[in-house]
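Let me begin by presenting the structure, written as structure tokens, before commenting on it.
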Amino acid sequence: MATKKSVGSLKEADLKGKRVFVRVDLNVPLDDNFNITDDTRIRAAVPTIKYLIGHGAKVILSSHLGRPKGVTPKYSLKPLVGRLSELLGVEVKMADDCIGEQVEKLVATLPEGGVLLLENVRFYKEEEKNDPEFAKKLASLADLYVNDAFGTAHRAHASTEGVAKYLKPAVAGFLMQKELDYLVGAVANPKKPFAAIVGGSKVSTKIGVIESLLAKVDILLLGGGMIFTFYKAQGHSVGSSLVEEDKLDLALSLIEKAKAKGVSLLLPTDVVAADKFAADANSKVVPASGIPDGWMGLDIGPVSIKSFSEALDTTKTIIWNGPMGVFEFDKFAAGTDTIAKKLAELSGNGVTTIIGGGDSVAAVEKAGLADKMSHISTGGGASLELLEGKSLPGVLALDNA
Ligand SMILES: Nc1ncnc2c1ncn2[C@@H]1O[C@H](COP(=O)(O)OP(=O)(O)O)[C@@H](O)[C@H]1O
Ligand SMILES: O=C(OP(=O)(O)O)[C@H](O)COP(=O)(O)O
């Protein structure tokens with residue numbers, strides 16, 4: 001069963017003078033000099049924090065960074081304090097730990113509207129184990145719990161799930177709510193016609209998403225590496241393209257399911273083939289039905305881009321997960337870039353466009369079109385699970401979930 005859309009509302013909570021434990025997902029990429037290379041997740045966390053500051057709350061921020069095993073200075077949240085302070089317009093204080101006496105003292109000195117960032121919650125193995133005693137220690141720091149960490153909502157960890165059992169009210173933050181509104185709400189009740197574009201490298205990682213979306217969409221466009229498994233299943237020669245031999249029957253059954261459900265399934269009719277998997281490979285456009293030996297399909301071709309674009313022109317809601325080709329190589333980025341531009345254009349015409357996490361988000365950002373979309377998810381794994389129709393433990397734990 002999909003996670004229900006409606007969760008306890010932050011706007012109904014009494015905040016003045018209250019200590020609020022806010023789980024955010026500040027898991028941002030850092031370079032070797034600890035510079036933040038993409039601050040999207042920090043910016044996405046700002047509206048909830050600003051609201052709390054504006055309503056006189058004492059804000060305690062908790063996040064993980066990376067996947068540390070024990071205390072690992074490389075994964076400290078300290079490098080984030082500057083950017084966070086800048087974006088919030090207040091000086092954020094940093095704690096050396098996330099539980100314990102020192103942290104309690106810092107919380108006690110927090111003024112109304114003050115913000116304290118706790119150290120990486122994954123420095124404790126109890127976090128990922130969802131240890132109840134650890135969750136109780138986190139809970140004891142505050143008067144209420146706000147979960148705004150959508151990117152981590154598919155993890156049943158102490159700070160994302162356990163703490164909600166001991167700290168009430170437990171409500172969703174604005175980012176969490178927005179993600180659910182789009183990835184659950186808009187997908188469950190789409191303005192029709194509703195199209196899904198699914199790409200990425202392998203069909204095996206997208207089976208759940210494709211099957212779940214087949215029950216909802218009018219049009220399904222497939223791109224990326226997974227299409228060659230469909231071609232091979234249909235008896236086409238695919239050269240040395242990526243193929244999952246053990247998924248040939250599955251590909252055929254998905255084609256049948258689409259037919260049975262009256263979904264218009266579009267596979268590219270031409271592809272850009274390369275003589276090696278490299279940015280400087282030689283390339284040529286070939287029909288999807290006959291990729292020469294020694295060549296591999298790395299992008300959808302121009303005829304397919306045109307027919308995909310025309311199909312999208314007829315829609316009112318579009319969800320996109322997974323790039324159309326190897327967009328990391330400029331030579332094979334046209335399919336992904338043109339689809340991103342098409343969605344940006346359609347957004348401007350009132351079409352709801354949702355980018356469901358992962359590499360498709362990176363592609364849209366690379367194309368400079370992030371601001372044009374109705375919604376860009378901040379969670380890869382979490383959005384995939386939602387689109388598969390699964391429930392997220394971090395959401396289920398909240399009041400009114
Ligand atoms: N034709 C292709 N052959 C091989 N890899 C591909 C092809 N098209 C796309 N990819 C790769 O798929 C990767 C993204 O796959 P995936 O992780 O499934 O998507 P997402 O992260 O959006 O869910 C990208 O790194 C991209 O280079
Ligand atoms: O980056 C994250 O997920 P994502 O790469 O699936 O978007 C989240 O911060 C969750 O991190 P995790 O996969 O280490 O639990």
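Whatever order the structure lists them in is the order used to number ligands and atoms, beginning at 1.
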Query raised in the report: Can you find an N/O atom of Lys202 closer than 3.5 Å to an N/O atom of ligand 1?
Result: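 No; the residue has no nitrogen or oxygen that sits under 3.5 Å from a nitrogen or oxygen of the ligand.
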Query raised in the report: What atoms of ligand 2 come within less than 4.0 Å of a heavy atom belonging to Asn27?
Result: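 Taking each heavy atom of Asn27 in turn, ligand 2 has 1 (O), 2 (C), 8 (C), 9 (O), 11 (O) under 4.0 Å.
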Requested in this report: With heavy atoms of Asp25 as the reference, note each atom of ligand 2 found under 4.0 Å away.
Outcome: 8 (C), 9 (O)
Report yes if some N/O of [X] lies less than 3.5 Å from some N/O of ligand 2; otherwise report no.
X: Gly380; answer: yes
X: Arg67; answer: yes
X: Gly379; answer: no
X: His157; answer: no
X: Arg41; answer: yes

**Report entry** Phe174 six-ring centre to Lys11 NZ/CZ under 6.0 Å and within 45° of normal
**Finding:**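 Relative to the ring axis of Phe174, which defines the angle, Lys11 lies inside both limits.
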Within a distance under 4.0 Å of any heavy atom of [X], pick out the atoms of ligand 1 and give their elements.
X: Lys206; result: 16 (P), 18 (O), 19 (O), 20 (P), 23 (O)
X: Gly200; result: 12 (O), 14 (C), 15 (O), 16 (P), 18 (O), 19 (O)
X: Phe228; result: 1 (N)
X: Gly225; result: 1 (N), 2 (C), 3 (N), 7 (C), 8 (N), 9 (C)
X: Asn321; result: 23 (O)
X: Gly297; result: 1 (N), 2 (C), 3 (N)
X: Gly358; result: 21 (O), 22 (O)
X: Ser360; result: 22 (O)

Query raised in the report: Tyr75 and Asn27: side chain to side chain donor-acceptor pair (under 3.5 Å), yes or no, with the steps?
Result: CA-CA 10 Å; Tyr75 293 115; Asn27 186 24; over 6 Å; no
Counting neighbours of [atom1] on [X] that are heavy atoms of other residues, nucleotides or ligands and sit closer than 6.0 Å, is the number greater than 12?
X: Asp31; atom1: CG; value: yes
X: Lys331; atom1: NZ; value: yes
X: Lys168; atom1: NZ; value: yes

Any idea which protein heavy atom is nearest [atom], and the distance to it?
atom: atom 25 (O) of ligand 1; result: Glu328 OE2, 2.5 Å
atom: atom 14 (C) of ligand 1; result: Asp359 OD2, 3.0 Å
atom: atom 15 (O) of ligand 1; result: Ser201 N, 3.1 Å
atom: atom 15 (O) of ligand 2; result: Arg155 NE, 2.6 Å
atom: atom 10 (C) of ligand 2; result: Gly151 O, 3.5 Å
atom: atom 4 (C) of ligand 1; result: Val326 CG2, 3.8 Å

Is it true that [X] and [Y] have a side-chain N and a carboxylate O under 4.0 angstrom from each other?
X: Glu133; Y: Lys137; answer: no
X: Lys129; Y: Glu126; answer: no
X: Asp131; Y: Lys125; answer: no
X: Arg23; Y: Glu127; answer: yes
X: Asp32; Y: Lys74; answer: no
X: Lys232; Y: Glu244; answer: no
X: Glu211; Y: Lys257; answer: yes

Query raised in the report: Under 4.0 angstrom from ligand 2, any heavy atom of Arg122?
Result: yes
**Report entry** His64 heavy atom under 4.0 Å from ligand 2
**Finding:** yes
Report summary line: Which of Val46, Val24, Asp148 passes side chain to side chain contact (heavy atoms under 4.5 Å, CB included) with Leu175? Answer is Asp148
Query - Aromatic ring proximity Phe277/Phe329, centre distance under 6.0 Å - result: yes
Query raised in the report: Do Asp39 and Val28 have side chains that get closer than 4.5 Å, going by heavy atoms?
Result: no
Query raised in the report: For atom 5 (O) of ligand 2, is the nearest protein heavy atom under 4.0 Å away?
Result: no
